[in-house]
Every structure is written in structure tokens, then in C-alpha cells.
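Whatever order the structure lists them in is the order used to number ligands and atoms, beginning at 1.
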Amino acid sequence: MLLAVPLVYTTVETRAWSVLYWRGIWDMGAWLAARRCEWWTVKLHEYQARGLLDQCGVPVPPSTLAYTPAEARAAAASYGRPVVVKAQVLVGGRGKAGGVRRAATPGEAERVASAILGLDIRGERVEKVLVTPAADIADELYLGAIVDRATRRVVMMASAAGGVDIEEVAAKTPELIVRVAADPLLGLLDYQARELAFGLGLRSEQVRAFVPFVSGLYRALAQWDASLAEINPLAILADGSMAALDAKIVVDDNAAFRHPEYATLRNPEEEAPAERAAREQGLNFVKLDGSIGCVVNGAGLAMATMDLVKLFGAAPANFLDMGGGARADRVAAGLRIILLDEAVKVILFNIFGGITRCDEVARGIVAALPTLPRPVPIVVRLVGTNQQEGRRILEQANLISAEAPEEAAQAAVEASRR
Ligand code: GDP
Ligand code: MN
């Protein structure tokens, strides 16, 4: 158990991170608060993010949401100039996927919108487009705000290499990204915004134009309890002015209890089917990239279990916390949810029975077996309340059972290699 805590920082990929950190043992209060609310993640559409930035004083160009080609045409006509029609989906890289196109006339806007609407962009169907007056771009900057775990501060990042994939810039040419950290008490100060601008090599009149974007973006992150807020590209236009041409905000659902307005921002399409099924069952589930499905009761145990899987050389396929007192039907539901993921080769149960009764869990597993969509090896470590009875039930069903968590993790990893 002891080795679990430091390891998890390095072994579990970022998506699990927020769950582990915010819902993990470090912040049990937030975890409990979040569980009282409905559990969902909140990645916002560009049009929604533009709205939030606008409310925080970021200069955002006008735009109109359209659900049909005719609406796009009307919007273009109302601007009376060339427009850009943009797919509203929650995945990035829309430009490269043909989801961002220029239209010179209302007629062209209608045609372009009908080509974009219904497109499949990385698995997401386009249901709506945003129509916005086309800007004459001279240069594209990147501006972002994140809650940085390493410095425990809100960090503002900017790069002159904007427009393109910022993750790629960070990986290949990190020196092109400049950063400043906001003081938790004082917030972000104007001189820090200027420091970013100087770091980008902006000229003095551009520095003045740049500052409101930085302070506005910081305000948006703070006010909306976002974990990420981005403007990419922040364009320098031909006339020297600047415009936020794209906006991305991810809010932290742990703050849902103090943001009733999140409910109106929610986008059901962002949830993977497995995540939705889990939420409806009241199970905490996060999909990861490995091949070992993990079922546990408790967030701390989840971390320890995932660390053990890593320690023995494999990777967890998910994080599924059934919570305390899980009954047989929930166990069965959890198993089916995990198997929605094709990558899962083995399922590892690590149950510490307190309020949860081992015999209930065992019964759930056995009951679920005939209903599973495909056969996979299941390794079960059961200790605690009613463990004898639980193991007897498992033995009768010929399931691999283990006593020590290391033993179970190792057995699961070995089974995944067969
Ligand atoms: P993303 O690819 O999903 O990040 O979508 P963006 O909104 O960032 O758009 C991709 C690219 O389209 C931008 O980097 C710009 O080069 C271009 N673009 C977006 N809006 C405009 C605009 O108003 N005018 C022009 N000319 N290009 C735009
Ligand atoms: Mn963009």
C-alpha cells in the first residue's frame, strides 16, 4: 500500500489524474461533495466557451449558432461579409478535419454548412455550426490558462507558435512556450501579462492589445472553476488588432455544487457510452488505455491497484470504483461496463470488504458470468467481511482467487499475456 502513493503520479495517464487527484484521498471533502451531485465531466463547445470568455471581458468576435444550412445562410447575410463556418464538436483539430471553412457569400455559407453538418469528426457527428465574420489573419498566437499541479498555481502560457497543436509545440519545442504563474492571493497582475507579451516578442502597441486577453482568460478560469481555458489561435489581424478566433474551456465538475449554471452547459455527447452507463449506475468509472480492467471499492484502493498492475508490467484499462456496500447487481453492471471496452483482456477485482460484503461481490460476479458479452479471465482478490463465504462461491465457479493484492495483480498481468 505504501508504495502506491508516489508511483501513481508517474504511472497513470492524465485523464485518470484529475479523478485520482480531485476525488482521491487527498481531497475527500471534494470527493464526497461531488458524489452528492450528478457525476459528469464538462468540456464546453467553442460557442459556449466564447460566451463565458465574453462575460469575463475577453474581446470575442460576434458569432451565430446555426443548426441548418438555411440558418447559416441567414447568419452570413446578417454579417454582410465573408464568414467562417465552424463545426461545433468537442474534439480538437477541427480545422484539419475539414470542419472550419471560409465562405464568401451567404449562398456559399449555406453550401459549406450543409457539407459540414453531419460530418463525422473523430467519432463525433456535427449537429451545429458557428458562423462568424472571417478575419484577415496575419499571425496566430496561443494563449492558455491551466491549474498547474507542479507549481500549485494557475499558470498562464503563451506561444508565438499558435494555431497548431500546442501539445506538439510543448513536446518538440518547449522553449517556444512562455509561462507566468498567478499568485493565489493577488491573482494575475498586469505586469505578468506584459511579461508574457514581451516573451512572445510583441511590439509595444500589440502588448497593449494583448493584456486584456490574458487578464480576461485568467478571470474566466477563476470565475468558472475551469481546469483549462484556451484561446488558439489568438490571431493578430492584418490591421494590427487581435481577436480570439477559437475558445476552449473545460470546467471542473467537482465545482458543480457551486455552479448551478453548469447544468445548462452540459453536453451529453462528450461522454463515452461506457462512462454514461457507469454514471447511470452510480459507479465511478474512467476509461484508460491499458488492457487490465480494474474493479475496486474505494478511490485509494483503485490507485494502489493500478500501481500494482503497472509494477508487474501491464497497464490498467480503466478505473472503476463501485464504492462501499456494492450489491450483486452493481457488481454485475460494473463487469458489463468494463467489457464494453474491446481492449480489456483480463478483469482484476481488488475488494476490501468493510461495508461491502465479499459474498455479495462474489455472487455478483457469478451472476454476471452468463451475461457477459465475451469470455475473459477474471482474477479476484477478496478480503474482509464474509470473505470465507465469498471465496467458496468463487471456487464453485472456477474463478482465479488470490489473497494478497500483489499476487492478484501478478496473476492478472500474466493472464493478460496468454
Ligand atoms: P481547431 O482546428 O478545432 O482548433 O479550430 P480553430 O477554430 O482553431 O480553427 C482552425 C484554423 O482555422 C485557425 O487556426 C485559423 O487558421 C482558421 N480560422 C479560424 N477562424 C478563422 C477566421 O475567422 N478567419 C480565417 N481566415 N481563418 C480562421
Ligand atoms: Mn483552435
Side-chain angles (χ1 to χ4, degrees), residues 43-54 58-66 72 75-106 108-109 112-113 115-117 119-146 157-171 176-177 200 209 213 216-217 220-221 226 228-250 267 269-270:
K43 206 190 274 174
L44 304 186
H45 279 296
E46 176 190 1
Y47 75 92
Q48 297 173 312
R50 279 175 179 245
L52 299 190
L53 291 185
D54 185 48
V58 174
V60 179
S63 62
T64 309
L65 195 62
S78 77
Y79 292 124
R81 46 182 285 202
V83 293
V84 174
V85 180
K86 311 180 73 175
Q88 297 298 289
V89 284
L90 295 164
V91 292
R94 295 164 302 162
K96 284 181 196 156
V100 178
R101 288 172 60 182
R102 202 182 143 95
T105 63
E108 196 184 345
V112 164
I116 295 178
L117 285 163
L119 262 187
D120 187 282
I121 299 186
R122 292 167 62 197
E124 209 183 310
R125 203 182 124 86
V126 182
E127 307 281 358
K128 44 195 179 276
V129 293
L130 194 66
V131 180
T132 176
D136 198 355
I137 303 174
D139 218 340
E140 300 193 345
L141 308 175
Y142 168 89
L143 181 63
I146 54 156
M157 298 182 294
S159 176
V164 293
D165 200 353
I166 195 67
E167 282 84 3
E168 202 178 309
V169 178
L176 295 183
I177 298 179
L200 299 181
F213 288 92
L217 193 64
L221 183 104
L228 171 86
E230 258 180 18
I231 302 173
N232 188 28
L234 170 53
I236 301 179
L237 306 183
D239 66 4
S241 65
M242 289 190 184
L245 294 191
D246 188 14
K248 179 175 173 183
I249 292 184
V250 179
N267 297 301
E269 65 269 31
E270 80 180 276

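Within the 4.0 Å cut-off (strictly below), no protein heavy atom is located near atom 11 (C) of ligand 1.
Note that the CG atom of Leu245 and the CD atom of Glu140 stand 7.0 Å from one another [nearest 0.5 Å]. Between Leu217 atom CG and Leu143 atom CG the span is 5.0 Å, to the nearest 0.5 Å. Taking CD from Glu230 and CE from Met157, the interatomic distance works out to 6.5 Å, rounded to the nearest 0.5 Å. Distance check: Tyr47 OH to Lys86 NZ gives 14.5 Å after rounding to the nearest 0.5 Å.
Side-chain atoms of Tyr79 and Thr132 include no donor-acceptor pair closer than 3.5 Å.
With a 4.5 Å cut-off on side-chain heavy atoms, Gln88 and Glu127 do not count as touching. Here the side chains of Met242 and Pro59 are not in contact, with every heavy-atom distance at 4.5 Å or above. Two residues are said to be in side-chain contact when any heavy atoms from C-beta on lie closer than 4.5 Å; Leu90 and Leu44 fail this criterion. Residues Ile231 and Asp246 have side chains not in contact (no heavy-atom distance under 4.5 Å, counting atoms from C-beta outward).
Ranking the protein heavy atoms by distance from atom 9 (O) of ligand 1 puts Val100 CG2, 3.8 Å first. Among protein heavy atoms, the minimum distance from atom 1 (P) of ligand 1 is reached at Arg94 N, 3.7 Å. Nearest protein heavy-atom neighbour of atom 28 (C) of ligand 1: Ile137 CD1, 3.7 Å.
Which parts of ligand 1 touch Leu245 is read off a 4.0 Å heavy-atom cut-off, strictly below it: atoms 7 (O), 20 (N), 21 (C), 22 (C). Distances below 4.0 Å separate heavy atoms of Ala134 from the following atoms of ligand 1: 23 (O). Close approach of ligand 1 to Asp246 (heavy-atom distance below 4.0 Å) involves ligand atoms 1 (P), 4 (O), 5 (O), 6 (P), 7 (O), 8 (O). For ligand 1, the atoms lying closer than 4.0 Å to a non-hydrogen atom of Pro233 are 8 (O), 13 (C), 14 (O).
The shortest N or O to N or O distance between Arg102 and ligand 1 is not below 3.5 Å. The shortest N or O to N or O distance between Ala135 and ligand 1 is below 3.5 Å. Geometrically, ligand 1 and Lys86 share a nitrogen or oxygen pair separated by less than 3.5 Å. Between Asn232 and ligand 1, a contact under 3.5 Å exists for at least one N or O pair. Between Gly95 and ligand 1, at least one pair of N/O atoms sits closer than 3.5 Å.
With the Mn ion (ligand 2) as vertex, Asn232 O and Asp246 OD2 subtend 90°, rounded to 10°.
Residue-level proximity to ligand 1 for Glu140 is carried by the side chain, the only part with a heavy atom below 4.0 angstrom.
With Val89 as the fixed residue, the side-chain contact (heavy atoms from CB on, under 4.5 Å) test singles out one of Arg125, Arg94, Glu46: Arg94.
Using a 4.0 Å heavy-atom cutoff, Val84 is listed among the residues neighbouring ligand 1.
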